[in-house]
Every structure is written in C-alpha cells, then in structure tokens.
Amino acid sequence: MRSPLIPEMATQEVQLNETLVHLKTESETLKSKLEEERAKLHDVELHQVAEKVDGLGQFVMKTRRTLKGHGNKVLCMDWCKDKRRIVSSSQDGKVIVWDAFTTNKEHAVTMPCTWVMACAYAPSGCAVACGGLDNKCSVYPLSLDKNENLAAKKKSVAMHTNYLSACSFTNSDMQILTSSGDGTCALWDVESGQLLQSFHGHAADVLCLDLAPSETGNTFVSGGCDKKANVWDMRSGQCIQSFETHESDINSVRYYPSGDAFASGSDDATCRLYDLRADREVAIYSKDSIIFGVSSVDFSLSGRLLFAGYNDYTINVWDVLKGTRVSILFGHENRVSTLRVSPDGTSFCTGSWDHTLRIWA
Amino acid sequence: MARDMSDKEILKMELEQLKKEVSTTRTPLLANCAETVTFVEELLPNDPLIKGVPDDKNPYKGDKGGCIIT
C-alpha cells in the first residue's frame, strides 16, 4: 500500500508558501529599487518652482443653478460637448439629460437596475452611456421626439462580471472604455458589442478612469481599491506606469490639461498630482482639518485650479502650483459624489447624495 | 479578473509589472515642474473660472427665462 498522501501534500504546501514568500521578497526588492530610481529625480518640489508665480485673488464662486428631479442619490454626471447639456445618473435607477442653462429636463430613462454608478455623454451629443449594478454598460441614442421611449432603443455594449464603476466614450461614439468592480478595465466597440481590449493589473475593484487629452495619444489612467493609479496603453493593453502613494481607495482620477500629469482623489482625504514624465507624485493637496474622503476631482481650463468634492458635503478649490487651498464651497446637504468642469471651463457641475446637481460659476 | 485570482497569481502579476516599470525612462522634476508652470501661465488669462466672464456673456448670470406679466 502506498504511504498516505499527507506528507506529499505537506511538502506541496511548504513549497507553495516558499514561493509566495519568495515572490513577496522579490516584489519588495523591486519596489525599493523603483523608489530609489524615482527619488534620484526628486531635485525640487512643485510649489518651490511656483514660488515666483502670482498668488490667486479672492474667489467668488456660487451655485448658479440647482437641478432637482432625481429621487435618490446622484452618483455620476457628464457634460455634453455643447457645453450646456448634462447627463446624470442616480441610485433611483434614472438617467436624466438636462439643459444646464434653463434647468429643463430633456430626456429621462429608467434603468432596470438601481445604483446607476456611471454615465457618459457621447462626443456627438446624440447618445448617452450608463450602467452600474447590472454589470453592463448600455448606450441609449437620444431622440428628438420627446414621446419616443428611449429604453426601447437601448443597446447593451459592455459585460463585466461585477458592477460598472465608470465609463467614457473615446474620441468617437464608436468606442467605450469601462472600469469595473471585477478589477478590470475594457475597451468595447459600440456597434457590435465586441471586446476590443481588456486591461488587467489592478488587484481589486477599479473605481474610476480618465482618457488622456486626444493630442497626447492613446493612454488612459485608472484608480482602484488597491490604492493604485495605473496608466495604460490602449492599443497594447499594457500598464505603462503605476503609482501607489495613496493610503486608501482612489475614487477619482483626472488628466491634467497638458496630458503630462494627472490628479487623483482618495478616501485618505487627500488629492495628489502625479507627473508622468518624472514618474512620481509631485504634490499632495491636504489639510489636517480635512478628514473626509475625496469622491471626485477636476481641473480648471488652465490647470491652475483643482476642484475636489468631498464626503463632508463641501468642495475644496486648490491652487495646483502652490499646493494651497484657495476656497471652500458649501451648498450641498450630503456627500458630493461627482464633479466635472464644463468643456469650455466656464462653470463646473457637482452631483450629490442630497439628490441634486449644482452648477457653480 | 482580479477577484478570481489567487494571491500567488496576483503577486506574479505585480512582479511582472514592477520588472517593466523599473526600466522606464524618467526625467528630473525641475524641468517638468518648470514646464507645468509655463503651461499654466500661458493659459491663465483665458481661464473663465479664474478671470471671470463678463455678465453679458455669462449664461448663468441673469434670468434663466421667465414670463413677463403685463
């Protein structure tokens, strides 16, 4: 009779543990080497270089419009390229298209699921994409006929194995980039629903993504619950750069207008700026008095201001170059969940768990 | 999908990624930060949220429409 399998299993388990330990050690060594390489280029701080830049004056930014109509928490919003229309999605399962100048609702769609966590406007302005707990991203063409049932024309494009956290059209209405709780990002063809490229590298839920400004090429950045922000090559599917300096989930990432840097906002109550050419974090926007997580970030047109929405219901406005806070905006009666500056930079919109959206200028 | 991967597979994935990243080209901060500052200074005069927009051009100032009752 053969001797029992137990000793063999024990050996196998020891080998597995050794391999895990070995992998971990190698990983730690490489991480240290990476830190060393990055530190060599840390010859100056951004705010030092910006010392001779004029300070910013007083800001008077107020709520100019309040968009009421959602029955529950607003989770996401996006601007149309026409600089006046907005699409928003909510926990109540509704996706609404608004005219921000008049506050009129132009379209409304009821999704089959609640928690519609992501929505995006198509570059043409003729369609919107949305999704959430249904694990899908669907595209709805917007009809000029107010009586037409938009839900009937719905097109399911993306399928993930967990919730959809963010979506964005690329330069055209034909491709959509998605991120999901399943830890991956993916690029899809809208017409056929075909998966064009998938992006693996995050070790936990991916919560946000942003495409590089079109002039700077085919890359995008994603942030996740693994505290990492990854920069990806859209064509090859490879992760080109990775940053792990946040201390908690990264809820929002946004490219700098020049395309050479990006900002992130995290549950660790800080926003950070990462320079892609220097391959390192170059600024942290934080204060001891700010202890609530950042849900969303966006830049003003020139990149001088960083607007950040927080879970303590406020919006903090940061001087990107000097690293100081220039303004704090009050108004929402619950968490700010989403924030985007309009395409022409004249205003920005925030969505909140208080069921409303506000336009600030 | 990350959720379905074992710890070992996740570590291996991280390791492969780190090996690639160690050899990326990087440039010193001084040059990059200076470029960023120049970029901002060029665009600053045209940033509506900093410089403001004249009231007659601002769609959000003034009435959003209403009716005049005579």
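Keep in mind that the numbers below use all heavy atoms, side chains included, and drop hydrogens, waters and symmetry copies. Chain letters run A, B, ... following the sequence lines, proteins first, then strands; residues in each count from 1.
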Query raised in the report: Charged N to carboxylate O below 4.0 Å: is that the case for A:Lys40 and A:Glu37?
Result: yes
Requested in this report: Under 4.5 Å, counting heavy-atom pairs only, tell me which of A:Val326, A:Asp43, A:Val49 racks up the most with chain B.
Outcome: A:Asp43
Query - Heavy-atom donor-acceptor pair, A:Thr161 side chain to A:Asp182 backbone, under 3.5 Å - result: no
**Report entry** Between A:Asp279 and B:Thr24, a side-chain donor and acceptor under 3.5 Å
**Finding:** no
**Report entry** Proximal component of B:Gln17, with respect to chain A [non-hydrogen, under 4.5 Å]
**Finding:** side chain
**Report entry** Per-residue contact mode, A:Lys62 against chain B (heavy atom under 4.5 angstrom)
**Finding:** neither
Query - Residues A:Thr346, B:Tyr60; criterion side-chain hydrogen bond (donor to acceptor under 3.5 Å, both in side chains); working and verdict - result: CA-CA 9 Å; A:Thr346 52; B:Tyr60 298 112; 5.6 Å; no
Query raised in the report: Heavy-atom distance under 4.5 Å to chain A: side chain of B:Glu16, backbone, both or neither?
Result: neither
Query raised in the report: Non-hydrogen atoms of chain B under 4.5 Å away: do they reach the side chain of A:Ile240, the backbone, both or neither?
Result: backbone
Report summary line: Cut-off 4.5 Å, heavy atoms of chain B, and the answer for A:Leu321 is side chain
**Report entry** Heavy-atom pair count under 4.5 Å with chain B, highest-scoring of A:Val60, A:Leu56, A:Ile359
**Finding:** A:Ile359
Requested in this report: Sort out for me which of B:Asn46, B:Leu43, B:Val37, B:Asp47 touches chain A most, counting heavy-atom pairs under 4.5 Å.
Outcome: B:Asp47
Requested in this report: Look at atom NZ of B:Lys20 and say whether more than 12 heavy atoms of other residues, nucleotides or ligands are closer to it than 6.0 Å.
Outcome: yes
Report task. Name the region of B:Glu41, side chain, backbone, both or neither, that has any atom closer than 4.5 Å to a heavy atom of chain A. Result -> side chain
Query raised in the report: Looking at A:Ala50, A:Ala361, A:Ser347, which makes the most heavy-atom pairs under 4.5 Å with chain B?
Result: A:Ser347
Report task. Classify the side-chain pair A:Thr219/A:Trp232 by whether it contains a donor and acceptor separated by less than 3.5 Å. Result -> no
Query raised in the report: Got more than 12 heavy atoms from elsewhere within 6.0 Å of NZ, A:Lys322?
Result: yes
Query raised in the report: Should we count NE2 of A:His42 as having more than 12 external heavy atoms under 6.0 Å?
Result: yes
**Report entry** Contact leader toward chain B among A:Cys239, A:Ala100, A:Gly303, where contacts are heavy-atom pairs under 4.5 Å
**Finding:** A:Cys239
Query raised in the report: Can you find a side-chain donor-acceptor pair between A:Tyr163 and A:Asp205 that sits under 3.5 Å?
Result: yes
Query raised in the report: Can you say whether A:Glu36 sits under 4.5 Å from chain B via the side chain, the backbone, both, or neither, judging by heavy atoms?
Result: neither
Report summary line: Highest number of heavy-atom pairs under 4.5 Å with chain A among B:Leu44, B:Asn32, B:Val53, B:Thr25 belongs to B:Asn32
**Report entry** Portion of A:Arg84 that has a non-hydrogen atom of chain B nearer than 4.5 angstrom
**Finding:** neither
Query raised in the report: Measuring heavy-atom distances to chain A, does B:Ser23 have an atom under 4.5 Å in its side chain, in its backbone, in both, or in neither?
Result: neither
Query raised in the report: Counting heavy-atom pairs under 4.5 Å to chain B, which of A:Gln241, A:Lys33, A:Glu26 comes out on top?
Result: A:Glu26
Query raised in the report: Would you say the side chains of A:Thr184 and A:His202 form a donor-acceptor pair under 3.5 Å?
Result: no
Query raised in the report: Is it the backbone or the side chain of A:Asp344 that comes under 4.5 Å from a heavy atom of chain B, or both, or neither?
Result: backbone
**Report entry** Max heavy-atom pair count under 4.5 Å with chain B, selected residue of A:Ala283, A:Ser27, A:Ala261
**Finding:** A:Ser27
Report task. Step through it carefully: locate the ring centre of A:Phe262, locate the ring centre of A:Phe243, and say whether they are under 6.0 Å apart. Result -> yes
